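All figures in this text were calculated on a predicted structure; none of them were measured in a lab. Below, read A as the first sequence line, B as the second, and so on, with proteins coming before strands; counting in each chain starts at 1.
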Amino acid sequence: MNNDDPFDLDDLTPADHGTRAPAAPMQTTSGAPLANAQSEPDYLNGLNAPQRDAVLATEGPVLVLAGAGTGKTRVLTTRLGHLLATGRAAPWNILAVTFTNKAAKEMQERVMKVIGRPVEGMWIGTFHSICVRILRRHAELVGLSSNFTILDTDDQIRLLKQLIKAENIDEKRWPPRQLAGIIDRWKNKAQAPDQIPQGEGYAFANGMGGELYQQYQDRLKILNACDFGDLMMHVIKLFQHNPDILKQYHAQFRYIMVDEYQDTNTAQYMWLRLLAQGNKNICCVGDDDQSIYGWRGAEVGNILRFNKDYEGATIIRLEQNYRSTGHILAAASALISANEDRLGKTLWTDSGDGTPVTVKGVWDAPEEARDICTEIENLQSKSHSLEEIAVLVRAGFQMRELEERLIQIGLPYRVIGGPRFYERAEIRDAMSYLKVIAQPDNDLAFERIINVPKRGLGDTTVQKIHTLARAHGISMTRAARQITGLTTDDKTYKLTPRARTTLTRLMDDFDRWRGLSHSYSHTELAEMVLDESGYTEMWQADKSVDAPGRLENLKELVSGMSEFENLAGFLDHVSLVMENDSNTSDEKVTLMTMHGAKGLEFDTVFLPGWEEGVFPSQRSLDETGLKGLEEERRLAYVGLTRAKKNAHIYFAGSRQVFGQWQTSMPSRFIEELPEDHITVQSAQGLYGNTRNSGSSWGRDTSYESDSTWSGDKDWTAPEQNPSKYGPGWKRRESYDNYRPVRDRGIGSSITSSPLTPSLGRKKKKTTAAVSEFAVGERVFHDKFGYGVVEDVEGNKLLVAFEKAGTKRVMDQFITKG
DNA sequence: GGGAGATCGGTTTTT
DNA sequence: CCGATCTCCC
């Protein structure tokens with residue numbers, strides 16, 4: 001921690017603030033003897049001693065250090081159930097905070113299971129959703145009105161862009177995106193514009209950073225809007241300035257529980273401190289070894305410091321792991337022990353050693369992908385469920401190679417991550433229409449759709465409306481209404497007759513829709529609006545490949561709305577819940593980042609790309625040095641501990657980065673794995689095999705120097721792996737009807753065609769007889785016109801179009817020409 | 001206002 | 001090398 005005391009909670013922070021006394025000894029409660037088994041409630045059955053302690057330690061501050069796979073969620077939910085079942089708390093006396101909506105939902109559901117009946121009234125939610133709930137009640141006290149809107153990142157950036165432009169600052173040199181990042185960082189630390197340090201971000205646009213931040217906040221106030229950071233900050237401010245209100249919440253929230261405490265940022269920490277001052281019944285659950293979000297403001301320090309912040313805290317360690325086998329656990333434990341900044345836990349299991357972690361060196365990324373896929377096919381042939389297999393990468397760019405191979409051999413897979421439902425352009429457009437109806441002064445929403453679909457209201461018109469709005473201090477919708485009625489000849493405001501008619505009609509439409517919103521349900525209204533505004537039509541007319549998918553998404557949006565009582569409720573939900581429940585449950589391999597995998601588990605996990613620069617990521621090292629390295633190592637730990645039975649680590653000798661071949665060294669994390677728990681399989685002639693005669697592989701520190709790795713002479717050509725096109729190939733025919741789906745949640749209707757495999761290696765211009773298209777064949781594409789097939793790769797074709805040039809296209813959009 | 005070439009940048013992600 | 005975004009020109 002660089003900041004010794006960033007948490008000036010002013011006079012509301014009583015005794016515990018400034019307690020810099022030596023840390024209270026970390027006490028690990030031992031399994032306290034309990035009342036006889038008969039009188040014991042069912043929900044305690046099957047808990048191990050520390051788990052039980054954590055459930056029963058209801059009073060005072062408690063930190064539950066829950067290692068990976070130690071039953072954290074079970075403890076959390078059982079504890080909640082226990083509080084309710086024993087009458088210690090009514091549902092509304094409980095505040096349970098999570099980071100994601102998914103976690104909140106799961107918690108809610110599992111508490112019901114614990115106590116066997118539905119529970120209503122608990123305050124279970126994300127930090128942000130709980131803030132919204134509180135803020136809606138007291139909005140006036142922080143200068144908002146209770147129907148404030150919540151901006152997402154896009155809105156935020158558009159607003160900042162306007163401000164930067166208005167200041168005549170070069171957008172190129174000082175991108176709005178960067179400023180958004182800086183402001184977020186300030187907000188993560190709960191620093192208002194008048195509290196920001198002079199250094200770092202302040203320097204944005206030569207010292208304009210602070211000024212722009214202030215302007216941004218001013219604009220938000222006028223817009224009656226908050227960004228995500230504000231939600232936390234406003235509540236903190238509310239509590240700090242209104243002790244009476246804080247007291248009400250103290251009285252209400254008799255028990256506070258926090259999930260993933262290691263991920264809290266400074267603002268969230270302060271927020272919790274304020275709320276926990278009341279009765280000190282705060283129970284934080286987390287794992288310092290799984291803190292992987294430092295880059296977005298999380299402070300591992302919060303969890304490391306818990307017993308200093310909350311005097312007399314009980315610390316309970318959950319160390320019995322129920323997920324992974326012994327070898328995997330030992331490997332992960334050894335790895336993480338290389339970190340300095342940790343409280344320290346020793347995970348153990350009684351489920352046997354299992355199979356050692358494998359570490360495999362391959363020549364390059366394509367081989368890595370081939371090998372992984374071959375292994376997956378082998379597993380599949382032994383009836384290992386694909387649902388229980390995951391490939392976890394450090395960064396998105398590693399996915400392409402894997403995806404290509406998966407498509408090529410027809411293994412069904414799903415990518416987790418990618419653009420989410422509510423972030424898609426069409427959804428945001430549709431939402432903007434609804435927002436303008438429900439929140440007439442929502443300028444950002446209005447600006448987004450004023451000319452979508454194109455209706456001839458371009459920049460000039462918008463600019464005029466803008467100017468009028470500014471001049472009169474009114475919102476843009478109001479200004480738009482006014483401007484159409486102006487009879488002036490003033491060039492600043494005078495619209496072309498055409499624009500005037502169109503704008504009048506648009507404003508009339510909005511008035512009409514607003515009127516109808518009383519007599520129609522919000523779903524009906526949405527349908528009507530999308531239809532009558534010409535928005536649906538716009539996509540129907542669009543010939544591009546993803547237009548049908550977008551229309552599909554719009555339908556999905558409308559049907560999703562029906563779950564909500566009214567439009568306002570729905571809009572709130574969407575601002576906070578940028579998630580989507582994908583319900584495709586076909587057997588698929590999961591492909592995602594290690595970050596995305598936190599909290600999940602799979603029988604078999606593949607971990608490609610363990611190379612210096614990739615993992616640990618060079619950038620992380622450059623930017624945050626040792627701290628960054630330790631976070632990367634925690635990420636490695638997270639990755640490994642996702643595996644229940646098998647973990648396979650890979651590194652490649654060279655890899656294409658931005659189109660350039662680069663040689664790479666195995667990750668230092670590989671060296672840190674204990675020999676006794678790993679099996680090394682390195683290709684003949686590849687590093688390690690030749691150097692260390694296979695014995696002390698991974699112990700040789702010499703490959704920390706470049707020369708060893710890149711300068712190697714006896715690299716023979718990679719052995720042609722006969723199984724490369726093996727099992728998948730044999731199975732080919734039965735897969736002909738299979739459609740691989742790149743599954744990115746609701747409405748990702750980007751479904752590729754029946755598989756058209758290519759024979760032989762990539763780039764080789766041979767085509768299997770089974771392929772629908774052959775190299776050299778003349779084809780037609782709806783958008784690009786006529787062309788000639790140059791290469792076939794699975795269902796992707798490389799086509800040289802006569803007009804459009806050479807492009808990669810999915811064969812489903814191609815017809816024989 | 002829209003399409004086409006140039007230009008730039010390129011971890012990780014939730015709310 | 002690929003894609004997203006921007007600029008320029010019609």
Side-chain angles (χ1 to χ4, degrees), chain A residues 97-104 125-132 150-153 155-157 161 171-172 175-178 181 184 187-188 226-232 260 263-265 267-268 291-298 365 392-401 416-420 422-423 425 451-462 499 542 544 572-579 592-599 609 613-624 628 631-632 634-636 638-639 655-662 783 803-805 807-808:
Chain A
V97 224
T98 62
F99 276 87
T100 64
N101 293 290
K102 196 175 150 211
T126 60
F127 278 99
H128 299 268
S129 67
I130 286 170
C131 283
V132 170
I150 301 159
L151 304 192
D152 59 31
T153 319
D155 298 327
Q156 211 182 344
I157 287 167
K161 196 172 184 173
E171 270 181 77
K172 284 275 148 53
R177 196 169 276 287
Q178 192 192 335
D184 270 352
K187 290 187 175 178
N188 284 156
C226 281
D227 64 21
F228 290 117
D230 285 339
L231 294 174
M232 298 299 310
E260 307 278 19
D263 290 339
T264 50
N265 62 33
Q268 288 154 344
S291 164
I292 54 175
Y293 287 109
W295 51 271
R296 65 176 196 212
L392 309 180
V393 297
R394 170 66 243 258
F397 66 79
Q398 294 172 262
M399 285 188 186
R400 196 193 319 173
E401 214 99 45
I416 308 285
R420 281 170 313 218
Y422 288 111
E423 283 169 356
N451 202 29
V452 181
K454 303 277 182 243
R455 45 170 76 90
L457 299 173
D459 276 349
T460 26
T461 313
V462 172
D542 193 305
S544 68
D572 237 14
H573 168 83
V574 173
S575 306
L576 293 167
V577 187
M578 301 288 276
E579 275 176 37
M592 66 179 144
T593 64
M594 286 184 272
H595 280 94
K598 196 171 111 184
V614 174
F615 190 41
S617 125
Q618 192 54 50
R619 195 149 160 191
S620 190
L621 264 43
D622 292 346
E623 280 169 16
T624 40
E631 183 155 309
E632 294 283 305
R634 290 193 290 265
L635 191 55
V638 167
R655 185 177 293 272
Q656 256 182 322
V657 184
F658 308 144
Q660 299 236 203
W661 282 101
Q662 296 195 326
K783 199 176 167 194
K803 300 240 168 68
K807 296 202 185 292
R808 286 232 264 191

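Ala597(A) pairs by the side-chain contact (heavy atoms from CB on, under 4.5 Å) definition with Leu392(A), Met592(A), Arg642(A), not counting sequence neighbours. The salt bridge (Lys or Arg N to Asp or Glu O under 4.0 Å) check on Glu631(A) picks up Arg634(A), with sequence neighbours excluded. With sequence neighbours excluded, the residues forming a side-chain hydrogen bond (donor to acceptor under 3.5 Å, both in side chains) with Ser620(A) are Glu632(A), listed by chain and number. Taking Asp155(A) as the reference, Arg158(A), Arg428(A) meet the salt bridge (Lys or Arg N to Asp or Glu O under 4.0 Å) condition, with sequence neighbours excluded. Here Asp230(A) pairs with Lys187(A), Gln217(A), Leu220(A), Cys226(A), Asp227(A), His234(A) under the side-chain contact (heavy atoms from CB on, under 4.5 Å) rule; sequence neighbours left out. Residues satisfying the salt bridge (Lys or Arg N to Asp or Glu O under 4.0 Å) criterion with Arg296(A), sequence neighbours excluded, are absent altogether. For Glu171(A), there are no side-chain hydrogen bond (donor to acceptor under 3.5 Å, both in side chains) partners two or more places apart in sequence or in a different chain.
If you measure from atom CD of Gln656(A) to atom P of dC2(C), you get 9 Å, rounded to the nearest angstrom. Distance Gln660(A) CD to dC2(C) P: 13 Å, rounded to the nearest Å. Rounded to an integer number of Å, the gap from CD of Glu171(A) to C1' of dT7(B) is 15 Å.
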Encode nucleotides 8-13 of chain B as B, S and - characters from 5' to 3', where the letter depends on protein heavy atoms closer than 4.0 Å: B to the base, S only to sugar-phosphate, - to neither. --BBBB

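Taking only side-chain nitrogens and oxygens, Asn101(A) comes nearer than 4.0 Å to OP1 or OP2 of dT15(B).
Closest of all the heavy-atom pairs between Gly297(A) and Asn188(A) is CA-OD1, 3.8 Å.
dT12(B) shows a glycosidic angle more than 90° from 0 and is accordingly assigned anti.
Among the protein residues, Gly456(A) comes within range of the sugar-phosphate backbone only, with heavy atoms under 4.0 Å from sugar or phosphate atoms but none that close to a base. Counting non-hydrogen atoms under 4.0 angstrom, Leu151(A) reaches nothing in the nucleic acid.
Separating the P atom of dG3(C) from that of dT12(B) is a span of 15 Å, rounded to the nearest Å. As rounded to the nearest Å, dT13(B) and dC2(C) have P atoms that lie 22 Å from one another.
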Using nucleotides 8-10 of chain C, report all nitrogen or oxygen pairs with the protein that are shorter than 3.5 Å.
none

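Between the side chain of Gln268(A) and the main chain of Asn265(A), a donor-acceptor pair closer than 3.5 Å is present.
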